[in-house]
Number of protein chains: 2
Amino acid sequence: MLRRVDKHSGIPAYLQIMNQIKSEILLGNLKAESRLPPVRELEIIFDVNVNTILKALDKLKSEGVLMSEQGIGYFVARNISVDPQITQEIRRLVGDLKSKGLDLYTSLLLIEEVWKNEKL
Amino acid sequence: MLRRVDKHSGIPAYLQIMNQIKSEILLGNLKAESRLPPVRELEIIFDVNVNTILKALDKLKSEGVLMSEQGIGYFVARNISVDPQITQEIRRLVGDLKSKGLDLYTSLLLIEEVWKNEKL
DNA sequence: AATAGTGTTATATATAAATAGAACACTATA
DNA sequence: TATAGTGTTCTATTTATATATAACACTATT
């Protein structure tokens with residue numbers, strides 16, 4: 001489920017990595033306490049340098065999402081997974097958006113804009 | 001509706017600018033043929049240098065979203081606004097997500113991930 | 001013709017992001 | 001105790017982003 005980083009998206013690689021890892025945790029695919037692949041494997045998976053991996057993992061540590069133990073590995077710090085019902089609702093909307101021919105990028109733009117304009 | 005750029009988000013300013021402008025067009029707030037504010041006003045609105053504005057506008061030109069005429073201004077090239085029904089559905093989901101206490105960033109992450117995992 | 005309001009191009013500088021490569025430090029196990 | 005598998009730190013280099021500043025070019029209006 002972890003994918004190679006898109007080097008032409010304009011989004012910094014370390015951010016893409018943070019996002020991917022955080023998503024897995026939110027969706028419950030990476031449970032609390034479970035270990036991430038070693039950094040030198042992540043290097044290959046994401047296709048970036050160790051330092052870029054480290055930057056992403058460090059920031060997730062600062063956010064309290066991950067913890068690390070030297071010589072052992074990186075771990076999911078705690079359970080931040082979301083209600084599966086929400087995932088279900090999202091899945092429905094995504095289906096609708098796709099069926100109307102919208103692409104991911106456009107969809108995210110719209111959602112962000114609606115979010116920010118919604119008065120509440 | 002055009003907002004100052006967030007310089008601490010980690011997202012390059014020119015991308016944030018592209019996104020904001022494109023959103024306005026998608027939502028129908030900027031109609032085809034209508035003119036954008038002059039670049040030196042955009043400089044103030046977004047709080048970045050002209051060159052950053054230019055980079056964003058140039059890219060939107062390449063995408064065919066905008067056109068420009070020297071000495072006159074930048075214009076919305078064509079109508080790419082989305083079906084208002086879609087906006088409505090998005091508004092509903094956004095409401096749900098907010099009521100469950102999720103923040104924008106987390107929500108976008110989830111949506112992106114669901115999108116990519118959905119086998120069409 | 002002059003001017004004000006536009007977009008456009010250019011140069012120099014500074015900062016952030018990413019890479020490469022190496023070395024170091026801790027942990028578990030043979 | 002040696003070793004393999006980890007995370008961690010460091011330095012140097014390159015590329016991408018962003019700023020500052022100035023000049024230039026086109027358009028419309030006075």
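The chains referred to below are lettered A, B, ... by the order of the sequence lines, with proteins before strands, and numbering in each begins at 1.
Under the 4.5 Å side-chain criterion, counting only non-hydrogen atoms from C-beta, Ile80(A) is not in contact with Thr106(B). Val5(A) places none of its side-chain heavy atoms less than 4.5 Å from the side chain of Thr52(A). Taking 4.5 Å as the limit, every side-chain heavy atom of Leu42(A) sits out of range of all side-chain heavy atoms of Ile17(A). You'll find the side chain of Val48(A) stays beyond 4.5 Å of the side chain of Tyr14(A), heavy atoms only.
Taking atom CG of Asp58(A) as the reference point, atom P of dA17(C) lies 14 Å away to the nearest angstrom. As rounded to whole Å, 15 Å separates atom C1' of dT17(D) from atom NE2 of His8(B). Atom CG of Leu57(A) and atom C1' of dG7(D) are 10 Å apart (whole Å).
Checking Arg35(B) against Leu54(B), the closest nucleotide of DNA chain C that is more toward the 5' end is the one next to Arg35(B).
Using a 4.0 Å cut-off, no side-chain N or O of Lys7(B) falls inside it from OP1 or OP2 of dA16(C). Here Lys55(B) reaches the OP1 or OP2 of dT17(D): one of its side-chain N or O atoms lies under 4.0 Å away. Phosphate proximity of dT8(C) to Lys61(B): present, with a side-chain N or O under 4.0 Å from OP1 or OP2.
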List every contact pair, protein side and nucleotides 10-15 of chain D side both N or O, where the distance is under 3.5 Å.
unit_1, atom_1, unit_2, atom_2, d
dC10(D), N4, Asn51(A), OD1, 3.0

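For DNA chain D, the neighbouring residues in residues 38-49 of chain B, judged by any heavy atom under 4.0 Å, are Arg40(B), Val48(B), Asn49(B). Contacts with DNA chain C (heavy atom under 4.0 Å) in residues 64-79 of chain A: Gln70(A), Gly71(A), Ile72(A), listed by number. Against DNA chain C, the stretch residues 12-24 of chain B makes no heavy-atom approach under 4.0 Å.
Judged purely by distance below 3.5 Å, without hydrogens or angles, the side chains of Gln16(A) and Ser9(A) pair a donor atom with an acceptor atom.
Listed by chain and number, the residues in a salt bridge (charged side-chain N to carboxylate O under 4.0 Å, His left out) with Glu113(A) are Arg3(B) (sequence neighbours excluded). Every residue meeting the side chain to side chain contact (heavy atoms under 4.5 Å, CB included) condition with Asn51(B), not counting sequence neighbours, appears here in chain and number order: Asn49(B).
The side chain to side chain donor-acceptor pair (under 3.5 Å) contacts involving residues 25-38 of chain B comprise Glu24(B)-Asn29(B), where partners must be two or more places apart or lie in separate chains. Among residue pairs with one or both ends in residues 40-50 of chain A, those qualifying as salt bridge (charged side-chain N to carboxylate O under 4.0 Å, His left out) are Lys7(A)-Asp47(A); sequence neighbours excluded.
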Tabulate below the donor-acceptor pairs under 3.5 Å that side-chain atoms of residues 85-97 of chain B make, not counting sequence neighbours, or state none.
unit_1, atom_1, unit_2, atom_2, d
Gln88(B), OE1, Arg91(B), NH1, 3.2

Report all side-chain donor-acceptor pairs from residues 61-69 of chain A shorter than 3.5 Å, counting only partners two or more places apart or in another chain.
unit_1, atom_1, unit_2, atom_2, d
Lys61(A), NZ, Ser68(A), OG, 3.0
Ser62(A), OG, Asp58(A), O, 3.1
Glu63(A), OE1, Lys22(A), NZ, 3.1

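For DNA chain D, runs of at least 3 consecutive pairs of the Watson-Crick or G-U wobble type, with both hydrogen-bonding distances under 3.5 angstrom, map to C:1-30 with D:1-30.
Here the CG-CG distance, from Leu110(B) to Leu27(A), works out to 5.5 Å after rounding to the nearest 0.5 Å. In this structure, CG in Leu36(B) is found 5.0 Å from CD1 in Ile21(B), a value given to the nearest 0.5 Å. Expressed to the nearest 0.5 Å, how far CG of Leu108(B) lies from CH2 of Trp115(B) amounts to 13.0 Å.
Following chains of ILVMFWY side-chain contacts shorter than 4.5 Å, one cannot reach Leu104(B) starting from Met1(B), and the two form parts of different hydrophobic clusters.
Side-chain contacts under 4.5 Å among hydrophobic residues (ILVMFWY), followed directly or transitively, place Ile44(A) with no other residue at all.
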